[in-house]
There are 2 protein chains.
Amino acid sequence: MARLAGVSTATASRVLSGRGPASPASRSRVARAARELGYVPDAAARTLAGSGGTRVAVAVGGRTADVLDDPYAARVLTAAAGVAAAREVGVSLHWVPLHDPAALARLAGQRGVDGIVLVNPTRAALAVLPRSARGRVAAIGVGARGVPAFDVDNGTGAARVVGHLVAGGRRRVAMVTGPAWLPCTDRAVDAYRRVVGEAGLPVRAVPGDFTAARGEEAAAEVLARWPDTDAVFALGDLTALGALAALGRAGVDVPGDVAVAGFDDIAFAALSRPTLTTTTNPVEAIAAGAATAVLDRCAAEPLTLHPSELVLRDSA
Amino acid sequence: MARLAGVSTATASRVLSGRGPASPASRSRVARAARELGYVPDAAARTLAGSGGTRVAVAVGGRTADVLDDPYAARVLTAAAGVAAAREVGVSLHWVPLHDPAALARLAGQRGVDGIVLVNPTRAALAVLPRSARGRVAAIGVGARGVPAFDVDNGTGAARVVGHLVAGGRRRVAMVTGPAWLPCTDRAVDAYRRVVGEAGLPVRAVPGDFTAARGEEAAAEVLARWPDTDAVFALGDLTALGALAALGRAGVDVPGDVAVAGFDDIAFAALSRPTLTTTTNPVEAIAAGAATAVLDRCAAEPLTLHPSELVLRDSA
DNA sequence: CTGAAAGCGCTAACAC
DNA sequence: GTGTTAGCGCTTTCAG
């Protein structure tokens, strides 16, 4: 017990949890003892005593429970699990239905839930968060007062992609966006509008949902509606890869007739034919940041943006 | 409290945990009360009291920690998380180094660890499991006494793939296997040997590691060593997709010159060019079965095999 | 077979 | 500021 190396259990608890008063003297003694013993507080006991919890919940917003099958959710979960494992706590995965944001509040009320990492949060979901959840929720996407957000800088990333397409001579650049209900994709769509606008080019946006299936549909839709389109920028490599496949089947030459670019730089972007030009999304780093903020209760910046770097390949 | 609806806390505990004696009378009363109240035992309290735990650990064997980045591990983790969430417990992700199987024993000893789902276990790792772990460990791959195994029927799956290649007129079928240290892939390799053997064809096997990068190398290796190869069967779609990309770059026509087939039927198998012929691997169902066995402490069959179905596409 | 009682490791009042 | 004390919800001896 860390207690043997100094003071009483109460004092030790106070300094380790950061709450309550403690003199610098005992503060440092406890810290040293804890370090020497490699002390990790028992999450179960902490939970039982009324504070803390034994797992961080990864809550994914979406219209249907399918969002849990998205590889994106799996990557977030995996990264969060890595951070959690070091503190001997677990993670769990939950769906927050678009039509029932209160599911989030219920989740936050569960005993074992230490904190929540929100994926694809809507403002409605953020609004129903009980004050008891303050300080133990972080969002990947948009945040709110008391809910720090971590995300990729998709505005800059999108601007770079579209800038590259335009610089390469493309004049009819269409974009397959994210779902309309997802506010964190606005930055990317705005960037697209701005860049094509500044170049005096038309705005051609169709909604997407990050899936490959939707990418296939969207590509057909774009070509039907605007036959002279010479570039497609999809928010999400899955969607871009779907578009690539559909264009290939339709006999459209990529990048000859139409350039295609994605967003995320997933592993398959380097394996498709043609290989996919895209921009990076350090999901694991972002998720780890969010999980750390939740677990350590540290007051993070309201919004931490991770850079997105252009990756030029053959498709654009 | 379920207790109010009948007997004393001790008796309730006895019937709910299944341990200890209890009369049929109180047994049914407690069961009914629990059902009515929608009672879920508090994992934290259980842990603190010395039994149970607050998370199921997913432990992945491998030479390096990279195995945790494999999408396969993420799928298992996600599926396990789904099962765990219903019981209000979490999951965590761990690497069991090939050179240090004792890491598994340490993991099993951790307080909060309710049970372990072993992914890609070696016999050495299974051998060091402490008896205290008995009944709360399940394997995805090969099992052992007291460790039920859940896996895809990769023997039958591989036989079907190779059978299809041979039936299609391929006479020089090479296989990219799994890592040599992974015993659960033996069934697939044996099936390959058997099918080509029975057809009087040569055995051409090169080792793989399930990665796309290795698939690219392996394809080059196979063609360098046996230039007349007319089909490549890779254990794992990632590897097959890597091979596909490498062959495409080398100007080899697929499936004209060389047929390519994979194993797993991941989402990208339908998006590559050409689309990939493969065979299914219901990873989520398998992982859910393993997680359920661990959490419910139910005596599962020593080996539960899930069927693998051939998916014919353009590459073979 | 069943109930009463003692903790598991920690936090949160409450005195000092 | 710090120590003492009473539980958190469960399992588990130990008597009945």
Side-chain angles (χ1 to χ4, degrees), chain A residues 1-34 37-55 87-90 109-115 132 135-136 295-297, chain B residues 1-34 37-55 87-90 109-115 132 135-136 295-297:
Chain A
M1 284 238 247
R3 292 75 211 271
L4 296 189
V7 295
S8 75
T9 67
T11 310
S13 171
R14 278 189 281 256
V15 353
L16 288 168
S17 68
R19 277 185 286 266
S23 72
S26 41
R27 199 175 286 278
S28 70
R29 295 175 59 188
V30 172
R32 199 172 51 77
L37 272 55
Y39 176 81
V40 178
D42 184 312
R46 222 171 223 200
T47 306
L48 202 52
S51 154
T54 60
R55 63 188 193 277
R87 292 159 177 81
E88 301 192 0
V89 308
Q110 273 192 24
R111 249 184 166 290
V113 173
D114 190 36
S132 66
R136 42 194 202 96
L295 284 164
D296 294 350
R297 306 276 192 276
Chain B
M1 281 238 247
R3 291 75 211 270
L4 296 188
V7 294
S8 76
T9 68
T11 310
S13 171
R14 279 189 280 257
V15 351
L16 287 170
S17 69
R19 277 184 285 268
S23 71
S26 42
R27 198 174 288 279
S28 70
R29 295 177 60 189
V30 172
R32 199 171 53 75
L37 271 55
Y39 175 81
V40 178
D42 184 312
R46 222 171 225 200
T47 305
L48 201 54
S51 152
T54 60
R55 63 187 193 276
R87 291 158 178 82
E88 300 191 2
V89 308
Q110 273 194 24
R111 249 183 166 291
V113 173
D114 191 36
S132 67
R136 45 196 201 93
L295 284 164
D296 294 350
R297 306 275 192 276

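Letters A, B, ... are given to chains in the order of the sequence lines, protein chains preceding strands, and every chain is numbered from 1. Remember, predicted model here, so these are calculated numbers, not experimental data. Just so it is clear, the values below take in all heavy atoms, side chains as well, and ignore hydrogens, waters and symmetry mates.
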Give A22(B) one of three labels, base, sugar-phosphate or nothing, depending on what nucleic acid heavy atoms sit under 4.0 Å from its own. sugar-phosphate

Shorter than 3.5 Å, N or O on both sides, protein versus nucleotides 5-8 of chain D: list them out with atom names.
residue, atom, partner, partner atom, Å
dC8(D), O3', R111(A), NH2, 3.2
dC8(D), O2, L48(A), O, 2.8
dC8(D), O2, A49(A), N, 3.0

Nearest-nucleotide comparison on DNA chain C, the residue closer to the 5′ end among P41(A) and P24(B): P24(B)

Any side-chain N or O of S23(B) less than 4.0 Å from the OP1 or OP2 oxygen of dT2(C)? yes

Pairing residues for A49(B) by the side-chain contact (heavy atoms from CB on, under 4.5 Å) criterion, not counting sequence neighbours: none

State which residues pass side chain to side chain donor-acceptor pair (under 3.5 Å) with R14(A); sequence neighbours excluded, sorted by chain then number. none

Where each residue is assigned the nucleotide of DNA chain C containing its nearest heavy atom, which of V40(A) and R27(B) is assigned the position nearer the 5′ end? R27(B)

CD of Q110(A) to OG1 of T47(A), rounded to nearest 0.5 Å, is 12.0 Å

Of all residues at least two apart in sequence or in a different chain, which pass the side-chain contact (heavy atoms from CB on, under 4.5 Å) check with S23(B)? A25(B), S26(B)

Could you give the distance from CZ (R46(B)) to CG (L16(B)), rounded to the nearest 0.5 Å? 7.5 Å

Of the nucleotides dA13(C), dT11(D), dG1(D), which one has an atom closest to the side chain of R14(A)? dA13(C)

With five pairs defining each end axis, the helix from dC1(C)-dG16(D) to dC16(C)-dG1(D) comes out bent, to 10°, by 40°

Identify, with sequence neighbours excluded, every residue that meets side chain to side chain donor-acceptor pair (under 3.5 Å) alongside R136(A). none

Apply side chain to side chain donor-acceptor pair (under 3.5 Å) to E88(B) and list each qualifying residue two or more places apart in sequence or on a separate chain. none

Report yes if at least one side-chain N or O of S51(B) is closer than 4.0 Å to OP1 or OP2 of dT11(D); otherwise report no. no

Output yes when at least one side-chain N/O atom of Y39(B) is less than 4.0 Å from OP1 or OP2 of dG9(D), else no. no

Could you pull out all residues at least two apart from R27(A) that satisfy side chain to side chain donor-acceptor pair (under 3.5 Å)? none

With respect to the side chain of D42(B), which nucleotide from dG9(D), dT2(C), dT11(C) is positioned closest? dG9(D)

Could you tell me the separation between the CG atom of L16(A) and the C1' atom of dA12(C), rounded to a whole number of Å? 15 Å

Rounding to 0.5 Å, atoms OG1 (T54(B)) and CG (D42(A)) come to a distance of 8.0 Å

